[in-house]
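Structure record follows, encoded as structure tokens.
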Amino acid sequence: MIMKDPAKAKINQNIPGMKTRPKGKPAGATAAQVGVKRAPVRTPLPLPRAKNISAGAGKNKLLKAAVVLGLLLLIFAVWFGNRPEQVPESAPADKKVAERAQTPEQTLAEGAAANKPLTPDVKKDAAPQVGPIVSAVRITPSQPLLGEPIKAEPVLKGGGAEGVDFSYRWKINDQFIDAEDTAVLSGVTLKRRDRISVVVTATKDGITGPKTESQTVVIHSMPPALEMKILTDSLRPGEPVELQLLGKAPDEDRVVYSLVPPFLEGMTLDDNTGKILWKPERILPGRLQFGASCADSDGNKTVRVFALDFGVSFAK
């Protein structure tokens with residue numbers, strides 16, 4: 001007979017890896033041998049609380065649907081309430097019916113009024129009349145000299161200057177001056193390099209057109225005067241002949257000299273002083289000619305042809 005030590009058995013139960021037998025079940029016994037009874041499986045019944053929750057969820061859905069529907073109706077009401085009124089499609093048809101209902105006399109009267117030309121009074125009220133237009137103003141001469149008369153020649157657009165009056169306002173150096181209202185500038189002291197222009201307007205039947213200004217012209221001085229003086233009294237073979245050109249500008253401007261055709265062989269010129277030295281290789285009897293000029297700083301030039309006659313004769 002084997003005796004079990006309770007202490008050892010308890011120790012064996014605490015050792016890892018050691019399997020212990022369940023209480024009341026012998027080793028190698030099955031569930032049928034042991035006589036364990038299995039409890040039958042029961043299906044749980046729905047609780048009354050779950051039924052109440054489902055009913056509450058359904059009510060919430062209906063409430064939300066009602067709120068959404070109300071919002072949609074409110075949006076449609078605002079949208080269609082702010083839209084402008086549209087003319088019903090029947091309006092054109094009604095208009096046509098009304099037009100057909102007019103009497104023939106009314107229709108004929110309206111057609112005559114529509115085709116009736118405008119009277120001169122109606123045209124005058126519709127568009128104000130415009131006076132004659134000056135398309136251009138020419139000043140002659142285009143390069144006026146001191147002392148020369150300056151005249152303005154207006155040109156009307158479309159021609160036909162009959163019955164048209166012109167008004168002139170002259171300007172010197174871009175400033176209006178007190179001068180007579182005439183086409184010719186007069187009674188004014190001008191200087192070299194003054195800039196002249198004129199503003200012209202045209203009037204017909206009491207209606208004045210727009211202003212038109214001419215191009216600007218510049219006043220030039222008169223060409224310088226040019227003379228010649230012979231410094232050598234007699235002509236001797238082999239000796240130079242001295243001549244002096246005398247040029248003078250009206251405003252004491254500096255002048256420059258030059259030789260121009262016809263030329264004499266052996267003649268030289270100092271363009272600043274106007275002194276000429278002539279060393280002829282041969283002297284021919286009779287009258288000799290040469291050309292000279294002088295010009296001021298504006299380019300005004302005077303050209304002259306001078307003759308030399310020393311009365312030389314050759315005896316055989």
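Residues F166 and V134 have side chains in contact (heavy-atom distance under 4.5 Å, counting atoms from C-beta outward). At least one side-chain heavy atom of M267 sits less than 4.5 Å from a side-chain heavy atom of L243. No side-chain heavy atom of P144 sits less than 4.5 Å from a side-chain heavy atom of I196. For the pair L259 and L264, the minimum side-chain heavy-atom distance is 4.5 Å or more. With contacts defined as side-chain heavy-atom distances shorter than 4.5 Å, the pair L308/V241 does not qualify. Side-chain atoms of I139 and Q215, non-hydrogen and from C-beta on, never get closer than 4.5 Å to each other.
The closest donor-acceptor contact from the side chain of Y257 to the backbone of G247 lies under 3.5 Å. Between the side chain of D298 and the backbone N or O of H220 there is no donor-acceptor pair closer than 3.5 Å. Proximity of a side-chain donor or acceptor of T232 to a complementary backbone N or O of E242 within less than 3.5 Å is detected. Judged by distance alone, with hydrogens and angles left aside, the side-chain atoms of W170 form a donor-acceptor pair with the main-chain N or O of T182 at under 3.5 Å.
More than 12 heavy atoms of other residues, nucleotides or ligands shown are found within 6.0 angstrom of CD on E239. Shown here is D181, whose CG atom has more than 12 heavy atoms of other residues, nucleotides or ligands within 6.0 Å. The number of heavy-atom neighbours closer than 6.0 Å to CD of Q244, taken from other residues, nucleotides and ligands shown, is above 12.
A pairwise comparison of heavy atoms in C294 and A225 identifies SG-O, 3.8 Å as the closest pair. Counting all heavy atoms, side chain and backbone alike, L156 lies closest to A202 at CD2-CB, 4.0 Å. The two residues S214 and V137 have their closest heavy-atom pair at CB-O, 3.4 Å. Taking both residues in full, the closest heavy atoms of L288 and W278 are given as CD1-CH2, 3.3 Å, listed atom of the first, atom of the second, then distance. Across all their heavy atoms, P210 and T201 have their closest contact at O-CG2, 4.0 Å. Here the closest heavy-atom approach between residue A292 and residue L226 is recorded as O-CD2, 3.6 Å.
Here the CD1-CZ distance, from I219 to R195, works out to 11.5 Å after rounding to the nearest 0.5 Å. Once rounded to the nearest 0.5 Å, the distance linking CD of E148 with OG1 of T140 reads 10.0 Å. Going from atom OG1 of T216 over to atom CG of D194 covers 12.0 Å, rounded to the nearest 0.5 Å. Taken from CE in M222 to CG in L146, the straight-line distance is 8.0 Å, to the nearest 0.5 Å. To the nearest 0.5 angstrom, K229 atom NZ is 13.0 Å from L245 atom CG. Interatomic distance, CG of D165 versus CG of D205, reported as 10.0 Å (0.5 Å rounding).
D253 and R192 are joined by a salt bridge, as a carboxylate oxygen and a charged side-chain nitrogen come within less than 4.0 angstrom of each other. K248 has no carboxylate O lying under 4.0 Å from a charged side-chain N of E227, or vice versa, which leaves the two without a salt bridge.
In this view, E213 and K171, S197 satisfy the side chain to side chain donor-acceptor pair (under 3.5 Å) rule, not counting sequence neighbours. With sequence neighbours excluded, the residues that form a side chain to side chain contact (heavy atoms under 4.5 Å, CB included) with S135 are V155, K157.
Linking ILVMFWY side-chain heavy atoms closer than 4.5 Å, directly or via other members, places I276 and V256 in two distinct hydrophobic clusters. There is a path of hydrophobic side-chain contacts, each under 4.5 Å, that joins L269 to V255. Cluster annotation: V198 is connected to V188 through the hydrophobic network of ILVMFWY side chains, with a link wherever side-chain heavy atoms come within less than 4.5 Å. At a threshold of 4.5 Å between side-chain heavy atoms, the hydrophobic network of Ile, Leu, Val, Met, Phe, Trp and Tyr places Y168 and I177 in one connected group. Transitive grouping of hydrophobic side chains (ILVMFWY, heavy atoms separated by less than 4.5 Å) brings M228 and F263 into a common cluster.
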Quiz prompt | Stepwise side-chain contact (heavy atoms from CB on, under 4.5 Å) check, S221 with N300 | solution = CA-CA 7 Å; S221 61; N300 297 318; 3.2 Å; yes
Exercise. Apply side-chain contact (heavy atoms from CB on, under 4.5 Å) to the pair I230 and F306, showing each step before the final yes or no.
Key: CA-CA 11 Å; I230 300 175; F306 298 99; over 6 Å; no
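Residue pairs meeting the side-chain hydrogen bond (donor to acceptor under 3.5 Å, both in side chains) criterion with at least one partner in residues 263-276, sequence neighbours excluded, are R254-N272, D270-T273.
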